[in-house]
There are 2 protein chains.
Amino acid sequence: MAGVTIRDVAKEAGVSIATVSYVLNNSRNVSEDTRRRVLETAKRLGYRANIIARNLQASETRLFGYSWRPSPPDRFNPILDRFLQAMAEAAAFHGYHVLTFPFPTIEDELATYAEMMLTGQVDGFVLSNTNLNDQRVRCLSDNGFPFVAFGRSNADWDFPWVDVDGRTGVRMATQHLIAQGHRRIACLAWPETSLSGQYRLSGYLEAMEAANLPVDPAWIERTENIHNDAYAASWRLLNQPADRRPSAIVALTDLMALGAINAAWDAGLKPGRDLAVTGFDDAPIARFLRPPLTSLRQPIAEVGERLITILVDIVQGKPLSEPHVLLQPELVVRASSVVSYEE
Amino acid sequence: MAGVTIRDVAKEAGVSIATVSYVLNNSRNVSEDTRRRVLETAKRLGYRANIIARNLQASETRLFGYSWRPSPPDRFNPILDRFLQAMAEAAAFHGYHVLTFPFPTIEDELATYAEMMLTGQVDGFVLSNTNLNDQRVRCLSDNGFPFVAFGRSNADWDFPWVDVDGRTGVRMATQHLIAQGHRRIACLAWPETSLSGQYRLSGYLEAMEAANLPVDPAWIERTENIHNDAYAASWRLLNQPADRRPSAIVALTDLMALGAINAAWDAGLKPGRDLAVTGFDDAPIARFLRPPLTSLRQPIAEVGERLITILVDIVQGKPLSEPHVLLQPELVVRASSVVSYEE
DNA sequence: TGGGAGAAGTTAAACGTTTAGATGCGTTGA
DNA sequence: TCAACGCATCTAAACGTTTAACTTCTCCCA
């Protein structure tokens with residue numbers, strides 16, 4: 001399809017293809033005269049090196065694979081856009097590209113990774129949404145195939161990762177609520193199977209303990225990241241007797257925070273005044289909700305960039321200066337958690 | 001990296017590499033005996049054909065490039081997730097993958113496409129966010145390079161596209177409002193430079209005309225797809241004298257609809273009751289807003305799938321049965337546009 | 001003057017497939 | 001008996017690069 005090859009340039013410039021290659025890659029001394037002639041010819045013919053051929057020769061693809069679970073219609077992925085952009089940009093900077101791939105069903109996930117690894121379709125993977133005993137981590141580690149994860153897994157598995165410190169983040173949010181005078185603070189948490197859910201929850205527990213505030217077990221509601229489940233859980237929280245009813249809710253995602261806010265409205269409470277709520281992710285929509293949602297902003301662009309930098313180092317066999325990166329989220333305070341809030 | 005090649009299998013099975021290839025690709029008659037031996041050997045050695053080598057031979061990449069403009073922090077892309085998933089899935093079905101790539105700045109956009117085309121990094125492109133005089137369409141058409149667009153462009157340019165019928169969609173939304181008894185209906189539109197903005201706006205105008213309703217020019221507010229701009233525009237609409245103040249607003253996106261809703265609240269109006277609002281996109285969040293937002297749902301999965309199907313046909317030189325596909329959005333009615341709405 | 005060094009360029013192998021064409025062999029029918 | 005054919009398999013070229021190894025030439029110094 002492309003048409004003009006290195007052979008054409010060589011013939012036209014009256015040199016061997018090796019010389020053309022040397023000129024174009026600056027990989028060997030070539031006389032100024034020849035160099036100019038080759039460059040001129042290449043430009044005139046509109047020559048561009050064929051990537052596949054180069055890849056075959058170098059036996060690499062300069063491609064990184066990335067896959068993620070699709071969101072159901074009632075859920076959204078607040079970071080996907082910026083995350084992909086950040087990765088793609090960082091990859092391009094190093095001469096790589098990001099290949100997105102799906103897996104038909106969740107059972108095929110591992111097989112899909114294995115297939116792409118074995119056929120040499122990519123040089124490495126970026127994993128996200130890792131969890132405990134993540135099979136992808138195990139499989140890729142076993143095969144010595146390059147990868148890096150957004151998120152941690154088993155503590156005794158040694159692999160490179162970048163993560164956002166959800167524990168510190170949620171602790172900050174909880175401390176913020178405590179500083180606002182709240183004493184009975186509930187948490188909309190995730191099922192115990194979720195590792196990052198555990199990290200985030202522990203941040204809440206730490207803050208409560210550090211402030212010597214008792215935690216009523218009923219204040220910890222575990223649901224999936226689903227609005228309606230969070231709504232129902234919040235409803236239960238708000239229906240407790242007055243002396244045990246929380247005045248603030250720390251939600252582990254913005255979507256769950258929205259469930260809490262909506263439950264408050266429906267309970268005749270004014271969120272932000274009668275019930276403080278905080279979220280996680282700082283989705284673009286958070287600032288436009290009513291009330292605007294206090295949330296923890298993840299440094300997604302940096303996560304993406306760090307992931308790619310690490311992966312490039314791995315692929316190129318460089319030693320990793322920092323195989324584990326824990327980035328801090330930023331607490332963005334808005335009216336959902338502060339009574340007298342001025343935009 | 002991969003290790004085991006077709007040569008290893010051939011040696012181990014005691015046949016030539018050609019025979020192995022024939023067996024694996026079913027491309028020529030091979031005796032049942034040899035076939036079994038080769039298959040068994042390949043399986044035992046864990047052989048997987050190297051994709052790059054195959055691609056070089058076939059001089060194709062089996063990759064489709066897709067790029068999109070990143071959303072600024074105060075905006076979100078409600079369809080990206082499902083769109084990418086749909087494309088990736090359809091592509092995988094045909095043996096292709098989706099390569100995402102960024103461009104440093106908007107000035108580099110065209111150059112980036114050209115570079116990827118000329119170096120043979122992809123077999124084709126999916127464009128989105130096309131507009132009038134879209135340089136990408138022109139450039140790729142001129143070069144005869146395979147591509148398909150999500151969205152139309154100049155009417156006299158002949159190229160394959162899939163689009164969602166925004167005109168009919170917005171007409172449906174407007175008719176819905178008219179059916180609810182509204183007479184003074186405003187439209188939060190886009191700048192005139194936006195092609196799909198024009199389509200959508202014309203749907204509004206058509207519905208108004210068909211119902212013999214006059215359109216006050218002041219009812220058409222043009223802003224970018226930005227919450228705060230839409231908010232300000234709505235504020236202007238609501239501050240008109242009572243006999244000219246609209247009782248309903250058709251917004252061209254959910255984000256703009258949210259701006260209208262927030263403006264209504266701040267104006268002391270109850271959206272859904274005092275001001276009907278409709279959006280576009282049916283973002284996952286739409287159903288959880290207060291009030292839940294009436295919106296137009298784009299058949300994104302089908303768009304992605306149709307795009308890929310067309311692109312595969314182009315790349316493989318098959319005739320296109322349907323080079324132009326206009327899909328219908330679905331009006332999802334919720335409380336933001338209906339006074340007595342039961343969830 | 002002979003030889004070594006270095007510059008400039010060429011040749012050819014390699015990367016791992018696919019596939020057109022050649023080869024060899026057994027079968028069949030005239 | 002032999003040509004014709006078909007089947008199974010192999011050989012080798014091709015895809016478009018990169019690069020190790022080799023050749024040639026010039027220059028310089030002992």
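Proteins come first, then strands; the chains are lettered A, B, ... in the order of their sequence lines, and each starts at number 1.
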Option among A:Ile79, A:Asn129, A:Leu127 that satisfies the side-chain contact (heavy atoms from CB on, under 4.5 Å) test with A:Phe150: A:Ile79
Counting only side-chain nitrogens and oxygens, does B:Ser31 get under 4.0 Å of the OP1 or OP2 atom of D:dT9? yes
Closest-nucleotide 5' rank along DNA chain D - winner of B:Glu32 and B:Leu56: B:Glu32
Separation of A:Asn55 atom CG from C:dA14 atom C1', in whole Å? 15 Å
On DNA chain D, nearest-nucleotide positions of B:Ser16 versus B:Gln57: which is more 5'? B:Ser16
Does A:Arg28 make a side-chain donor-acceptor contact with the base of D:dT19, cut-off 3.5 Å? no
For the pair A:Tyr113 and A:Phe101, name the ring-plane relationship: parallel under 30°, tilted 30 to 60°, perpendicular over 60°. perpendicular
Starting at CD1 of B:Ile52 and ending at C1' of C:dG16, how long is that distance when rounded to a whole Å? 9 Å
Determine whether a donor-acceptor pair (one donor, one acceptor, N or O, separation below 3.5 Å) exists between the side chain of A:Tyr22 and the base of D:dA20. yes
For a quick test of reading the model: is some side-chain N or O of B:Thr5 closer than 4.0 Å to OP1 or OP2 of C:dG16? no
Taking atom C1' of C:dT17 as reference, at what distance in whole Å does atom CZ of B:Arg54 sit? 8 Å
Whether the side chain of A:Thr309 engages the backbone of A:Glu305 through a donor-acceptor N/O pair (distance < 3.5 Å, no angle test) should be reported. yes
If the cut-off is 4.0 Å, is A:Thr19 near the phosphate of C:dT10, judged by side-chain N/O to OP1 or OP2? yes
So which one's nearest nucleotide on DNA chain C is more toward 5', A:Ile17 or A:Asp33? A:Asp33
Among B:Thr119, B:Thr61, B:Leu63, B:Ile51, which residue satisfies the side-chain contact (heavy atoms from CB on, under 4.5 Å) criterion with A:Ile52? B:Thr61
Taking OP1 and OP2 of C:dT17, is either one under 4.0 Å from a side-chain nitrogen or oxygen of B:Ser21? no
